[in-house]
Amino acid sequence: MNKVLVFGHKNPDTDTITSAIVYAYLKQQLGVEAEAVRLGEVNNETKFALEKFGFEAPRLIGSVAGEAAQVILVDHNEFQQSADGIEEVQITEVIDHHRVANFQTSDPLYYRAEPVGCTATILNKIFKENGVEVPANIAGLMLSAIVSDTLLFKSPTCTEQDVKAGEELAKIAGVDVAEYGLAMLKAGADLSDKSLEDLLSLDAKEFQFGEYKSVVAQVNAVDVNDVLGRQEELENLLNKNVAENGLDLFFFVVTDILNNDSTAVAIGQVADASAKAFGVEIVNGRIVLPGVVSRKKQIVPVLTDALK
């Protein structure tokens, strides 16, 4: 039970999976017995990155209790997004770039949260601070995370630090940022093998907005009609999910990665209020969100303020 597990949030995205692998590697170089694990299935975008740089997906776990006495969280901190049994283990570190909410520990810990676009940008700094060289394949994973979280530097969450880190890591990894990044994003936006049930959980996070239990899910697409063309079925599934999980809101966002716009379908008792939060109405069951691409910076803060 001396091993430390490193993992990101449930319904993992590319930053979550790769940051767990990268930080576990760094901790190993510093003499810590660390293992990267995951809390959900790996999406197509992440599979593309792992295959490109020669990595297997981390081991899948359910409850963390009984797996390890100590854990490190990356790319999240909110307990409802974390592993089952998280309250039963000691959290020794958090490396994150999100808001801090629903989080507490009984022991002191190393907590590092920076307002950058990606966890990997922070990890790149930590490598330097510890004098550990970044191997080419590890650099490739960190680059993949930055490209994913910043939509190839186009997201409003992207900072100069992310751009600088991405360019630096691309050189180490030996890839062209634009060429590789677009190929990876397109791989993630290929929804041809995904059912609507798959899409609902592909990148879904639970939030507490005031008294309202909510889920905000997001999928990227080259053509939003690949998803919204099945809107009736989608709404039925969302209604079922809301009823089964006691949700007040399921806010499902489809983001056009080519035009940098989004369209949302909202179900739940505060669905109308969620649309009004963005200054719009629900029309034909859809909430049109021009220029909105970031859940972290453009969606969650707006819903938090409106529904508090």
Side-chain angles (χ1 to χ4, degrees), residues 7-23 36 38-53 55 57-58 74-76 81 95-98 114-124 137-159 161-170 172-173 175-191 194 199 201-205 216-222 253-260 262 292-300:
F7 53 85
H9 55 75
K10 293 176 179 177
N11 301 318
D13 56 17
T14 299
D15 188 20
T16 274
I17 294 292
T18 60
S19 288
I21 295 172
V22 168
Y23 201 46
R38 59 186 169 93
L39 307 182
E41 296 306 314
V42 176
N43 65 38
N44 288 343
E45 179 187 274
T46 308
K47 289 177 182 177
F48 183 91
L50 293 175
E51 182 176 340
K52 170 68 176 180
F53 296 105
F55 287 89
V74 294
D75 196 34
H76 77 298
Q81 299 174 6
I95 313 295
D96 194 18
H97 67 123
H98 296 93
E114 298 186 19
V116 292
C118 183
T119 309
T121 300
I122 306 170
L123 296 182
N124 190 47
N137 58 348
I138 291 290
L141 291 187
M142 286 197 279
L143 170 65
S144 301
I146 293 171
V147 166
S148 175
D149 268 15
T150 67
L151 283 179
L152 199 50
F153 311 129
K154 293 178 182 178
S155 170
T157 61
C158 185
T159 68
Q161 294 180 59
D162 298 298
V163 175
K164 182 179 179 181
E167 292 174 345
E168 177 183 309
L169 292 164
I172 298 173
V175 297
D176 178 85
V177 176
E179 182 180 348
Y180 169 71
L182 186 58
M184 187 193 76
L185 290 176
K186 285 186 174 180
D190 180 4
L191 306 178
K194 300 295 182 185
L199 297 183
S201 61
L202 193 63
D203 186 6
K205 290 184 179 181
V216 180
Q218 184 174 27
V219 296
N220 292 335
V222 174
V253 183
V254 185
T255 297
D256 184 331
I257 65 169
L258 299 182
N259 296 312
N260 294 319
S262 293
V292 171
V293 296
S294 170
R295 173 172 51 195
K296 181 181 74 173
K297 194 165 185 176
Q298 296 175 297
I299 297 174
V300 170

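Note: hydrogens, waters and symmetry copies are ignored here, and every other heavy atom, side chains too, is used. Note that the structure is a prediction, hence the values are computed from the model and not measured.
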Which heavy atom in [X] sits nearest to a heavy atom in [Y], and how many Å separate them?
X	Y	answer
Phe55	Asn137	CZ-ND2, 3.3 Å
Leu143	Gly166	CD1-O, 3.5 Å
Pro156	Ser294	CG-CB, 4.1 Å
Ala57	Val42	CB-CG2, 3.8 Å
Thr16	Pro12	CG2-CB, 3.4 Å
Val219	Leu199	CG1-O, 3.7 Å

Task: Side-chain donor-acceptor pair present, Thr14, Thr46, cut-off under 3.5 Å - done: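 Looking only at side-chain atoms, Thr46 and Thr14 do form a donor-acceptor pair, the distance falling under 3.5 Å.
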
- [ ] Tell me, with the steps shown, if Lys194 and Asn44 meet side-chain contact (heavy atoms from CB on, under 4.5 Å).
- [x] CA-CA 10 Å; Lys194 300 295 182 185; Asn44 288 343; 3.7 Å; yes

Check whether any side-chain heavy atom of [X] sits under 4.5 Å from a side-chain heavy atom of [Y], and report yes or no.
X	Y	result
Val293	Asp256	no
Phe153	Ile146	yes
His97	Asp15	yes
Tyr23	Asp75	no
His98	Val300	no
Ile21	Leu50	yes

Distance in Å, [X] [atom1] paired with [Y] [atom2], rounded so as to fall on 0.5 Å steps:
X	Y	atom1	atom2	result
His9	Leu39	NE2	CG	9.5 Å
Leu152	Ile257	CG	CD1	9.5 Å
Cys118	Asn124	SG	CG	10.5 Å
Lys47	Glu41	NZ	CD	7.5 Å
Asp13	Glu45	CG	CD	8.0 Å
Thr255	Arg295	OG1	CZ	9.5 Å

Open item on the list: Under 4.0 Å between a side-chain nitrogen and a carboxylate oxygen: does that hold for Asp149 and Lys296?
Closed with: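 Between Lys296 and Asp149 there is no salt bridge, as every charged N stays at least 4.0 Å from the carboxylate O atoms.
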
Open item on the list: With a sphere of 6.0 Å drawn around NZ of Lys186, does it hold more than 12 non-hydrogen atoms of other residues, nucleotides or ligands?
Closed with: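 Not more than 12 within 6.0 Å, no.
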
Open item on the list: How about NZ on Lys52, more than 12 heavy atoms from neighbouring residues, nucleotides or ligands closer than 6.0 Å, or not?
Closed with: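 Count not over threshold, so no.
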
TODO: Start with the C-alpha distance between Val74 and Val22, add both sets of side-chain angles, then the distance that settles side-chain contact (heavy atoms from CB on, under 4.5 Å), and finish with yes or no.
DONE: CA-CA 10 Å; Val74 294; Val22 168; over 6 Å; no

- [ ] Report the relative orientation of the aromatic rings in His76 and Phe7; use parallel for angles under 30°, tilted for 30 to 60°, perpendicular for over 60°.
- [x]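 The rings of His76 and Phe7 sit tilted, inter-plane angle from 30° to 60°.
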
